[in-house]
Peer 1: 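The structure's right below; bear with me while I get my questions together.
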Amino acid sequence: MSEDPEFAVLVASVGERRIEVAKAVRAAAGLSVWEAGRWLAELPAELPGTWPFGAARQVVAELRAAGAVAGLRCGWCARAVDPGVPVDPGPCAEQKWFFGRPCPASS
């Protein structure tokens, strides 16, 4: 098991720039045009796959730049995280796996 948690990317809505968001979803998750379109039709949803915190923040930034409403969810404690806003600096709820260190999203 990794020493750091993986983060899921959550997309709540697309906004008016659906094509740009679909391109960002395809680039991040490696989906086909058809899969990305179908996935966007079922929002809110979690993007397929997980990323380390830094990479997940980049995916969220790209989705937001394309017009989506997006955020993160910690793979260990399931806290929803806004990448631009630090969360509670305490240790992750799953301390047995996190060794008492603060979640990377806390800084």
Side-chain angles (χ1 to χ4, degrees):
M1 170 168 274
S2 172
E3 195 172 302
D4 290 323
E6 294 286 310
F7 288 81
V9 175
L10 310 171
V11 180
S13 65
V14 176
E16 295 180 14
R17 297 168 48 200
R18 186 176 183 86
I19 292 172
E20 289 86 356
V21 174
K23 288 178 183 177
V25 165
R26 289 187 63 215
L31 301 176
S32 70
V33 173
W34 181 80
E35 290 170 326
R38 187 170 177 163
W39 184 84
L40 288 172
E42 299 176 3
L43 295 181
E46 186 175 296
L47 197 60
T50 58
W51 295 266
F53 183 65
R57 281 180 37 172
Q58 182 63 35
V59 170
V60 169
E62 291 168 5
L63 288 166
R64 287 180 174 179
V69 175
L72 300 176
R73 184 180 54 78
C74 177
W76 287 356
C77 68
R79 286 189 288 181
V81 178
D82 183 337
V85 180
V87 296
D88 176 9
C92 187
E94 290 292 328
Q95 290 182 14
K96 62 185 176 187
W97 296 113
F98 215 48
F99 309 108
R101 293 185 313 125
C103 181
S106 299
S107 55

Peer 1: Taking side chain as C-beta onward, heavy atoms only, is F53 less than 4.5 Å from F7?
Peer 2: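 The answer is yes; the side chains approach within 4.5 Å.
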Peer 1: Show me, pair by pair, the donor-acceptor contacts under 3.5 angstrom made by side chains of residues 17-24, not counting sequence neighbours?
Peer 2:
from : atom 1 : to  : atom 2 : distance (Å)
R17  : NE     : A66 : O      : 3.4
R17  : NH1    : A65 : O      : 3.2
R17  : NH2    : A65 : O      : 2.9

Peer 1: Using side-chain contact (heavy atoms from CB on, under 4.5 Å) as the criterion, list what pairs up with E35, not counting sequence neighbours.
Peer 2: L31, S32
Peer 1: What are the two closest non-hydrogen atoms of A68 and V11, and how far apart are they?
Peer 2: CB-CG1, 4.2 Å
Peer 1: Mind listing the closest non-hydrogen atom pair of V25 and A36 along with its distance?
Peer 2: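 So the two residues come closest at CG1-CB, 4.3 Å.
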Peer 1: How many angstroms lie between CZ in R38 and CD in E42, if you round to the nearest 0.5 Å?
Peer 2: 6.0 Å
Peer 1: Run the side-chain contact (heavy atoms from CB on, under 4.5 Å) test against L10 and tell me which residues pass, sequence neighbours left out.
Peer 2: E46, R73
Peer 1: Atom CZ in R57, atom CD in E62: separation rounded to 0.5 Å?
Peer 2: 12.5 Å
Peer 1: Testing the basics here: between A28 and V59, what is the closest heavy-atom pair and its distance to 0.1 Å?
Peer 2: CB-CG1, 3.8 Å
Peer 1: Could you tell me whether the side chain of L63 reaches within less than 4.5 Å of the side chain of V9, counting heavy atoms only?
Peer 2: yes
Peer 1: Is the shortest side-chain heavy-atom distance between L47 and W39 below 4.5 Å?
Peer 2: yes
